[in-house]
Undergrad: 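Please see the structure below; I have some questions.
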Amino acid sequence: MTKKSVFMSIQQRNDQEQRRYDELHELRSKGINPYPHTFDRTHTSSAIHSHFSDEHPDILSDVSIAGRIMAIRKMGKATFATIQDQQGRIQIYVKQDELPEFYECINLLDIGDFIGVSGYVFRTRMGEISVHARQAQLLTKSLRPIPIAKEETDADGNKVVYDAFSDKELRYRKRYIDLIVNPQIRHVFEKRSLIISAMRRYFDDQGWMEVETPILQPLYGGASARPFITHHNALDFDLYLRIAIELYLKRLIVGGFEGVYEISKNFRNEGMDRTHNPEFTMMEIYVAYKDYFWMMDMVEDLFRAIADKALGKRDITIGEHVISFDQPFRKATMFDLFLEHTGMNLRGLNRAELLQAARSLNVDVANDATAMKILDEIFSQKVEHHLIQPTFVMDYPVEMSPLAKAHRSEEGLVERFELFINGYEFANCFTELNDPVDQRQRLEEQARDRAGGDEEAMVLDEDFLQAIEVGLPPTAGLGIGIDRLVMLLTGQDSIRDVLFFPTMRPEV
RNA sequence: GAUCCCGUAGCUCAGUGGUAGAGCAUCUGACUUUUAAUCAGAGGGCCGUAGGUUCGAGACCUACCGGGAUCACCA
């Protein structure tokens, strides 16, 4: 019943909804338009709060505000109401003898309705800055009740919330209600916007160009993941929703752009959990003539710029850890970190030796796991959670990175780093593989794995290989998962809390 | 996909085999500086769905639907 009531169809109005329909008709019969077209607002709630002065109340002697009624306190011939706008809340005060026509309709107003009020600002006996109404009008009649949380500050100054709208399912499915009733969650999304705009500004300031490349792709690539498949009717063939941006952005570097980036959704047809949503936002950037060393410096600078603009500081506290973006980020190779956290040198070991190492470390891996899978498991079980402060993990085995350029001095490794913070990966970068012969061999290897039953191996994209053959200049590429970055910087534990509308199973 | 937990009034929840409850919200009345307004009264439920056990099920059993968490999968 809890769920049902919110989704109730129009044929099944409950008593509260029916009453609002009745009020709507009564308002119309009184000649009141419940849905006027515009309202001229002069002030937001926060502007009034910040500009009001007890010494000079006349500064705000004529203001117009608009917003949603969140509480009504009727005192007989006078009424107080709390109005919420995007900036916050402000109280209004209406007296019957001053506004008789409006007051006659005040019983037809409900929590959830929008109203516009003009008047002067004053401070009540209880000390609350309020708008004394000279004029008031209904701006939108609400037909569906919203749950109202009440807040009280107790004797110790702690904020106590009653009847919070806290059912996670309903909050995600009915985010518009969540945003009304739990306005503090707005800050997470405002920060998300700031983070993305800070990133965009940083790139734009460097002269790199934001581009758009296909989301619907005849082949998918650039990552190891299962795709979503869709169908084009007119051309009668299947298309894939992209799993990564990489291959198209590299084509643009081939085409002569020297710095391109894209911030956009990727789609992966895999499990959902606290850190995975089927559609998620990725930023990828490619800069010509640079390598992964250069990119490490850029990423440090970028993270500081984002922290400055979105947080106003360069450190965040997560649990018992204070994570600093101000200190130089640590740089360590993957195999040095294995040595540091397992005491074992895993470099150059074959599959059987790695399996033995995993067993001796109590790392849980399947007996038929590949060498790369074993390394990956040991890393995630023994190393990752130690990487609290920003750490560039460098130089991965070539088998793990089919699009990264061979290391300039280390046999069998590639020039790649991943940035770890608080035990999670936040960025992935290569010096891009631009040797067309090597690239073709690596993707053919992937294709063989795929034919051998490895569904995660990459699909061979012949056009991409031709582009690399035409010539990709030395290039550094970087990807950052935006949702997880927002989680980190806003202290959210679930990806669903940084997405307005997380993917949900459809209602029955 | 696996396991565990959850689903009772608009919201938050109590009720563990015997007449469906509380607070807030809603409605009616009183009240011209209140603020969780207050005071007095009232209405509101296919107890997620469908079977089963029982004299009797909100509660116990089974399946299903939806959600949460953990795991698996996975950049």
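In the text below, chain A, chain B and the rest are named by the order of the sequence lines, each starting its count at 1. Quick note: numbers below take in every heavy atom, side chains included, and nothing from hydrogens, waters or symmetry partners.
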Undergrad: So if I take every side-chain heavy atom of Ser166(A) and compare against U12(B), U34(B), U26(B), which nucleotide ends up nearest?
TA: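 Ranking U12(B), U34(B), U26(B) by closest atom to the Ser166(A) side chain puts U12(B) first.
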Undergrad: Round to the nearest Å and state the distance from Ile72(A) atom CD1 to A37(B) atom C1'.
TA: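 Going from Ile72(A) (CD1) to A37(B) (C1'), I get 13 Å.
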Undergrad: To the nearest angstrom, how far is Met272(A) atom CE from C71(B) atom C1'?
TA: 16 Å
Undergrad: Give a yes/no answer on whether the side chain of Arg19(A) brings an N or O atom under 4.0 Å of OP1 or OP2 in C27(B).
TA: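 Result: yes.
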Undergrad: For a quick check under 3.5 Å, do Tyr120(A) and His132(A) share a side-chain donor-acceptor pair by atom type?
TA: yes
Undergrad: Choose from U33(B), C74(B), C11(B) the nucleotide whose nearest atom is closest to any side-chain atom of Glu270(A).
TA: C74(B)
Undergrad: For Asn182(A) and Leu179(A), indicate whether the former's side chain and the latter's backbone hold a donor-acceptor pair under 3.5 Å.
TA: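 Such a contact is absent between Asn182(A) side chain and Leu179(A) backbone.
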Undergrad: Are Tyr220(A) and Phe228(A), when compared by the centres of their aromatic rings, separated by less than 6.0 Å?
TA: no
Undergrad: Would you mind classifying the nucleic acid contact of Arg242(A) as base, sugar-phosphate or nothing, using non-hydrogen atoms under 4.0 angstrom?
TA: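 The answer is nothing, as Arg242(A) stays clear of every strand by at least 4.0 Å.
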Undergrad: 5'-most contact on RNA chain B: Met75(A) or Ile111(A), nearest heavy atom basis?
TA: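 Nearest nucleotide further toward 5': that of Ile111(A).
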Undergrad: The side chain of Lys95(A) is closest to which nucleotide in this list: U32(B), G67(B), U35(B)?
TA: U32(B)
Undergrad: Using the P atom in both, what is the distance from C24(B) to U35(B), to the nearest Å?
TA: 15 Å
Undergrad: Are Arg175(A) and Phe501(A) in a cation-pi setup, meaning NZ or CZ lies under 6.0 angstrom from the ring centre and within 45 degrees of the ring axis?
TA: no
Undergrad: Given U34(B), is OP1 or OP2 found less than 4.0 Å from the side-chain N or O atoms of Arg125(A)?
TA: yes
Undergrad: Between Phe189(A) and Arg192(A), is there a cation-pi geometry (under 6.0 Å to ring centre, at most 45° from the normal)?
TA: no
Undergrad: A30(B) pairs with which nucleotide, Watson-Crick or G-U wobble, both distances below 3.5 Å?
TA: U38(B)
Undergrad: When the nearest nucleotide of RNA chain B is assigned to Asp364(A) and to Ala223(A) on a heavy-atom basis, which residue is associated with the more 5' position?
TA: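 Nearer the 5' end of the strand: Asp364(A).
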Undergrad: What nucleotide among U34(B), C73(B), C31(B) has an atom nearest to a side-chain atom of His276(A)?
TA: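 The closest nucleotide is C73(B).
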Undergrad: Suppose we define a pair by two distances each less than 3.5 Å, Watson-Crick or G-U wobble; what does G51(B) pair with here?
TA: C61(B)
Undergrad: For G10(B), does either OP1 or OP2 sit under 4.0 Å from a side-chain N or O belonging to Arg144(A)?
TA: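 False: Arg144(A) side-chain N/O out of range (4.0 Å or more) of G10(B) OP1/OP2.
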Undergrad: Compare the minimum distances between each of G67(B), U32(B), C27(B) and the side chain of Ala78(A), then state the nucleotide with the smallest one.
TA: U32(B)
Undergrad: I'd like to know if the side chain of Arg242(A) pairs up with that of Thr213(A) as donor and acceptor (distance under 3.5 Å, no hydrogens or angles considered).
TA: yes
Undergrad: Between C1' on G7(B) and CZ on Arg173(A), what's the gap in Å once rounded to a whole number?
TA: 13 Å
Undergrad: Less than 3.5 Å between a donor and an acceptor, one on the side chain of Thr79(A) and one on the base of U34(B), is that the case here?
TA: no
Undergrad: Any idea which of C73(B), U35(B), U12(B) is nearest the Asp167(A) side chain?
TA: U12(B)
Undergrad: Would you classify Glu425(A) as touching base, sugar-phosphate or nothing, given that sugar-phosphate means primed atoms plus P, OP1 and OP2, and contacts are heavy atoms under 4.0 Å?
TA: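 Base, at least one base heavy atom under 4.0 Å.
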Undergrad: Return the value, rounded to whole Å, for the distance between atom CE of Met70(A) and atom C1' of C24(B).
TA: 14 Å
Undergrad: Starting from C1' on U33(B), measure out to CD1 on Ile129(A) and report it in whole angstrom.
TA: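 My rounded result for the distance is 15 Å.
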Undergrad: Touch check for Asp273(A), heavy atoms < 4.0 angstrom, all strands: base, sugar-phosphate only, or nothing?
TA: base
Undergrad: Atom CZ of Arg73(A) and atom C1' of A37(B): how far apart are they, to the nearest Å?
TA: 7 Å
Undergrad: Nearest-Å distance, CD (Glu128(A)) to P (A37(B))?
TA: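 Going from Glu128(A) (CD) to A37(B) (P), I get 11 Å.
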Undergrad: Which whole-number value in Å describes the distance from Lys168(A) NZ to U12(B) P?
TA: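 It is 14 Å, rounded to the nearest whole Å.
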Undergrad: According to a strict under-4.0 Å criterion, is Lys373(A) in side-chain N/O contact with OP1 or OP2 of C74(B)?
TA: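 The answer is yes; a side-chain N or O of Lys373(A) sits under 4.0 Å from OP1 or OP2.
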